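Computed from a prediction, not measured in an experiment: that's the story for all the values here.
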Amino acid sequence: QVQVVESGGGLVQAGASLRLSCVVSGFAFRSRGMGWFRQAPGQDREFVATITGSGGATDYSDTVKGRFTISRDNSKNTMYLQMNNLKPEDTAVYYCGASRTFGYSIVQDGYFSWGQGTQVTVSS
């Protein structure tokens, strides 16, 4: 049984930092790329960041590049998203997804399992 569980969200002020975690079970974590997406109220879910199974390659949306860092610890079946210099427009529910392949994906169809999401709220 595949499980994907996000944590680490919260309410912070603009300019602050947060680190999201995603713990998975039920599949070979190191064999799958992983990704973070987010969905703000009234908007579609959008790509944030993604990482290959080995962690050797990453990609980011232009809106978070330079502020967010995706990483993973395959010994702990855990992926992270370090978010620095947060802005009010980063407010959203953040979802962790497991890729269908070893590689990464910037589209939702590339993922076969999702977590329930964790809320990030950034006040101005």
Side-chain angles (χ1 to χ4, degrees):
Q1 179 179 353
V2 174
Q3 287 192 317
V4 179
V5 181
E6 306 95 334
S7 64
L11 171 62
V12 297
Q13 291 188 330
S17 298
L18 277 176
R19 188 176 82 157
L20 305 183
S21 298
C22 173
V23 180
V24 308
S25 61
F27 66 94
F29 181 66
R30 66 180 64 246
S31 72
R32 303 282 185 166
M34 298 289 295
W36 289 99
F37 284 67
R38 67 187 183 186
Q39 186 167 20
Q43 298 186 23
D44 294 332
R45 190 177 297 190
E46 66 174 6
F47 165 71
V48 175
T50 184
I51 188 168
T52 56
S54 66
T58 59
D59 197 10
Y60 298 89
S61 70
D62 288 341
T63 57
V64 307
K65 195 171 295 183
R67 299 187 297 123
F68 291 11
T69 302
I70 189 171
S71 62
R72 63 191 295 160
D73 184 343
N74 286 347
S75 70
K76 297 181 178 179
N77 279 16
T78 302
M79 177 181 66
Y80 305 98
L81 185 68
Q82 178 66 43
M83 305 185 295
N84 297 330
N85 189 24
L86 282 161
K87 304 176 180 180
E89 51 264 43
D90 294 318
T91 295
V93 177
Y94 283 70
Y95 296 92
C96 168
S99 173
R100 300 180 188 278
T101 69
F102 178 84
Y104 63 55
S105 176
I106 65 171
V107 298
Q108 293 186 62
D109 284 348
Y111 295 82
F112 75 96
S113 186
W114 297 92
Q116 293 300 305
T118 185
Q119 177 71 47
V120 172
T121 303
V122 185
S123 64
S124 57

So which heavy atom on Ser21 is nearest to which on Thr78, and how close? CB-CG2, 4.4 Å
Val12 to Ser17 - nearest heavy-atom pair and separation: CG1-O, 4.5 Å
Looking at every heavy atom in both Leu81 and Trp36, which two are closest together, and how far apart are they? CB-NE1, 3.4 Å
From Ser75 OG over to Arg30 CZ, what is the distance, rounded to the nearest 0.5 angstrom? 8.0 Å
Considering only heavy atoms from C-beta outward, does the side chain of Ile51 approach that of Tyr104 to under 4.5 Å? no
Just verifying a value: how many Å separate Gln108 CD and Tyr95 OH, rounded to the nearest 0.5 Å? 10.0 Å
Checking Thr121 side chain against Leu11 main chain: does a donor-acceptor pair fall under 3.5 Å? no
I need the Ser25 OG to Gln1 CD distance, nearest 0.5 Å. 7.5 Å
Value rounded to 0.5 Å, distance of NZ in Lys76 from CZ in Phe29: 12.0 Å
Minimal non-hydrogen separation, Val93 against Gly117, with atom names: CG1-CA, 3.8 Å
For a quick check under 3.5 Å, do Thr91 and Glu89 share a side-chain donor-acceptor pair by atom type? no
Within 45 degrees of the ring normal and closer than 6.0 Å to the centroid, is that where the cationic atom of Arg19 sits relative to Tyr80? yes
Any Val120 side-chain heavy atom under 4.5 Å of Met83 side chain: yes
Would you say Asp59 and Thr50 are linked by a side-chain donor-acceptor pair, where the criterion is simply a distance under 3.5 Å? no
Tell me whether the guanidinium CZ or amine NZ of Arg67 lies under 6.0 angstrom from the six-membered ring centre of Tyr60 and within 45° of its axis. no
Electrostatic pair Asp62:Lys65 at N-O distance under 4.0 angstrom: yes
Do the side chains of Met79 and Cys96 get nearer than 4.5 Å, heavy atoms only? yes
Taking the side chain as every heavy atom from C-beta outward, state whether Val2 and Val24 have any atom pair closer than 4.5 Å. no
Where do Gly115 and Glu6 come nearest, in terms of heavy atoms and distance? CA-OE2, 3.2 Å
Taking the six-membered ring for Trp, are Phe37 and Tyr111 parallel (under 30°), tilted (30 to 60°) or perpendicular (over 60°)? perpendicular
Could you tell me the separation between the OG atom of Ser105 and the CE atom of Met34, rounded to the nearest 0.5 Å? 12.5 Å
I'd like to know if the side chain of Tyr94 pairs up with that of Arg38 as donor and acceptor (distance under 3.5 Å, no hydrogens or angles considered). yes
Might you point out which heavy atoms bring Ala98 and Phe27 nearest each other, and give the distance in Å? CB-CZ, 3.7 Å
How far does CD of Gln82 sit from CZ of Phe68, to the nearest 0.5 angstrom? 9.5 Å
